[in-house]
Amino acid sequence: MDTIVCPAEHKHGETSTCHTQHGCRCTPCVAAHTEYSFYWRHMNAAGRPLPYSDVDGRGTRRRLQALSALGWSASALGTRLGSDQTVVSRWMLADKVTRVTAEKIAALYDELSDTPAPAGTRTERLSRARTLAHARRKGFARPIEWDDIDHDAEPQRPAESPDTIDVVAVHLVVNEGARVTLTRSERHEAVRQLHARYLSDGEIATLLGVTERTIFRDRQELELPAAVGVDRQPIIQERAA
C-alpha cells in the first residue's frame with residue numbers, strides 16, 4: 001500500500017493536522033501525531049485544559065465588541081491578531097472559541113482597552129466612524145462599562161447624554177464628503193456647520209444622505225433660518241457684516 005503524502009506547502013510535522021485531516025503518513029507527520037496523542041492523553045488524565053480545547057466564548061465576544069465600541073474595526077483587530085476580518089467577525093459572535101484564541105484576544109484587549117482607534121488618516125477616520133456607528137446600532141458595551149468582563153451579567157451603562165457627538169464622524173461628513181451614519185445629535189451638529197457655510201437644505205441633504213424634508217425639520221428645531229431663494233442673500237449679508 002502506497003504511503004499518502006499531502007501537498008508540499010502543508011506544514012509537515014508541526015502539528016497533527018496533516019495526519020488527521022489530510023491523511024499524510026510521512027515520517028514527520030506520523031511523529032507529530034504520535035507526540036500530540038501522547039500529550040493529549042496525559043493532559044486529559046491530569047484534568048488540565050488543552051491549548052486548543054474549546055472554552056466559553058462570552059469573554060472573547062465581549063472583548064472584541066468592546067474594542068469595536070472604541071472604533072477598532074474587525075480588519076484592524078485581525079491585523080494585530082494575525083488573522084482576517086472574517087474570522088474576527090465570527091469570533092465576535094462565537095459561543096465557543098479555542099483556549100489559545102481566547103488568551104490571544106484577552107492579551108490584545110488588555111493592550112487596547114484604553115486606546116480609541118486611530119484617526120490620523122482619512123482611511124482611519126472612515127474606518128473608525130463606521131465601526132463606531134455599527135457598534136452603536138448593535139449596542140456593544142465599551143470597556144469602561146464592564147467591571148468583570150468575563151462574569152458580569154450585564155454591562156454597567158452610565159446615563160449617556162443624548163447630545164454625545166463623535167466629532168470625527170461629523171468632520172468626515174462635513175469636511176471630507178464621506179458617507180457615514182450619524183446619530184441625530186451628530187446630524188444636527190453637521191447641519192449647523194453646513195448651514196453656517198450658507199448651504200441650502202437640498203445641498204445639506206445631499207451631503208448627509210437624508211431627505212430635504214429631514215433637513216427642513218432639523219433646521220426648524222435648531223431655529224436656523226432658511227438659506228434659499230430670497231432669504232439666502234440677506235443671511236449672507238447679515239453674517240458678513
Side-chain angles (χ1 to χ4, degrees), residues 6-24 29 32-33 36 49-146 149-152 154-155 166 168-169 172-173 176 178-183 209:
C6 58
E9 64 268 17
H10 292 174
K11 297 180 180 180
H12 295 270
E14 292 189 18
T15 69
S16 65
T17 302
C18 283
H19 184 282
T20 57
Q21 294 186 17
H22 304 135
C24 182
C29 285
H33 176 70
Y36 181 79
L50 294 168
Y52 290 96
S53 59
D54 285 345
V55 298
D56 187 352
R58 179 171 62 177
T60 295
R61 288 196 309 272
R62 288 177 170 180
R63 285 178 172 87
L64 290 174
Q65 291 172 5
L67 292 177
S68 177
L70 293 180
W72 289 98
S73 68
S75 177
L77 294 173
T79 298
R80 289 172 173 265
L81 291 166
S83 187
D84 62 51
Q85 66 183 64
T86 302
V87 175
V88 173
S89 297
R90 187 166 66 243
W91 287 336
M92 205 173 286
L93 302 172
D95 292 326
K96 297 285 186 181
V97 295
T98 65
R99 183 172 297 278
V100 166
T101 296
E103 291 174 350
K104 184 165 57 174
I105 290 171
L108 182 63
Y109 177 81
D110 289 344
E111 176 187 346
L112 299 179
S113 58
D114 290 328
T115 308
T121 67
R122 185 174 191 273
T123 298
E124 289 174 340
R125 289 192 292 273
L126 277 170
S127 174
R128 178 182 181 275
R130 288 169 176 165
T131 302
L132 287 172
H134 175 75
R136 284 197 300 261
R137 288 195 302 271
K138 294 293 186 180
F140 293 162
R142 296 168 297 180
I144 197 172
E145 295 169 0
W146 295 107
I149 198 166
D150 290 299
H151 301 107
D152 284 350
E154 297 290 341
D166 179 1
V168 172
L172 280 166
V173 173
E176 300 187 25
R179 286 300 181 125
V180 176
T181 302
L182 301 178
T183 65

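Basis for what follows: all heavy atoms, side chains included, without hydrogens, waters or symmetry-related copies.
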Minimum heavy-atom separation for [X] to [Y], with atom names?
X: P155; Y: A141; value: CB-CB, 3.6 Å
X: V180; Y: A129; value: CG1-CB, 3.6 Å
X: A66; Y: P143; value: O-CD, 3.4 Å
X: R62; Y: W146; value: NE-CH2, 3.2 Å
X: R136; Y: T183; value: NE-CG2, 3.3 Å
X: W91; Y: T60; value: O-CG2, 4.3 Å

Hey, is R58 close enough to D152 for a salt bridge, meaning N to O under 4.0 Å?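 Result for this pair is no, no salt bridge flagged.
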
With side-chain contact (heavy atoms from CB on, under 4.5 Å) as the test, would you mind laying out the steps for T98 and V55 before giving the verdict? CA-CA 6 Å; T98 65; V55 298; over 6 Å; no

Please list, one pair per line, the donor and acceptor atoms closer than 3.5 Å that link side chains of residues 106-118 to other protein atoms, with sequence neighbours excluded.
unit_1, atom_1, unit_2, atom_2, d
E111, OE2, R80, NH1, 3.2
S113, OG, Y109, O, 3.2

Between the main-chain N or O of [Y] and the side-chain N or O of [X], is there a donor-acceptor pair closer than 3.5 Å?
X: R130; Y: R179; result: yes
X: R125; Y: A169; result: no
X: Q65; Y: M92; result: yes
X: R61; Y: A94; result: yes

Side chains of D166 and R128 in contact at under 4.5 Å (non-hydrogen atoms):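 When only atoms from C-beta onward are counted, R128 and D166 do touch, with a gap below 4.5 Å.
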
Euclidean distance, [Y] [atom2] relative to [X] [atom1], rounded to 0.5 Å:
X: S68; Y: L132; atom1: OG; atom2: CG; value: 7.5 Å
X: S83; Y: I105; atom1: OG; atom2: CD1; value: 8.5 Å
X: T131; Y: L67; atom1: OG1; atom2: CG; value: 11.0 Å
X: D56; Y: D95; atom1: CG; atom2: CG; value: 8.0 Å

For a side-chain contact (heavy atoms from CB on, under 4.5 Å) check, start with the C-alpha distance between R63 and D150, then their side-chain angles and the critical distance, and finish with the verdict. CA-CA 9 Å; R63 285 178 172 87; D150 290 299; 2.8 Å; yes

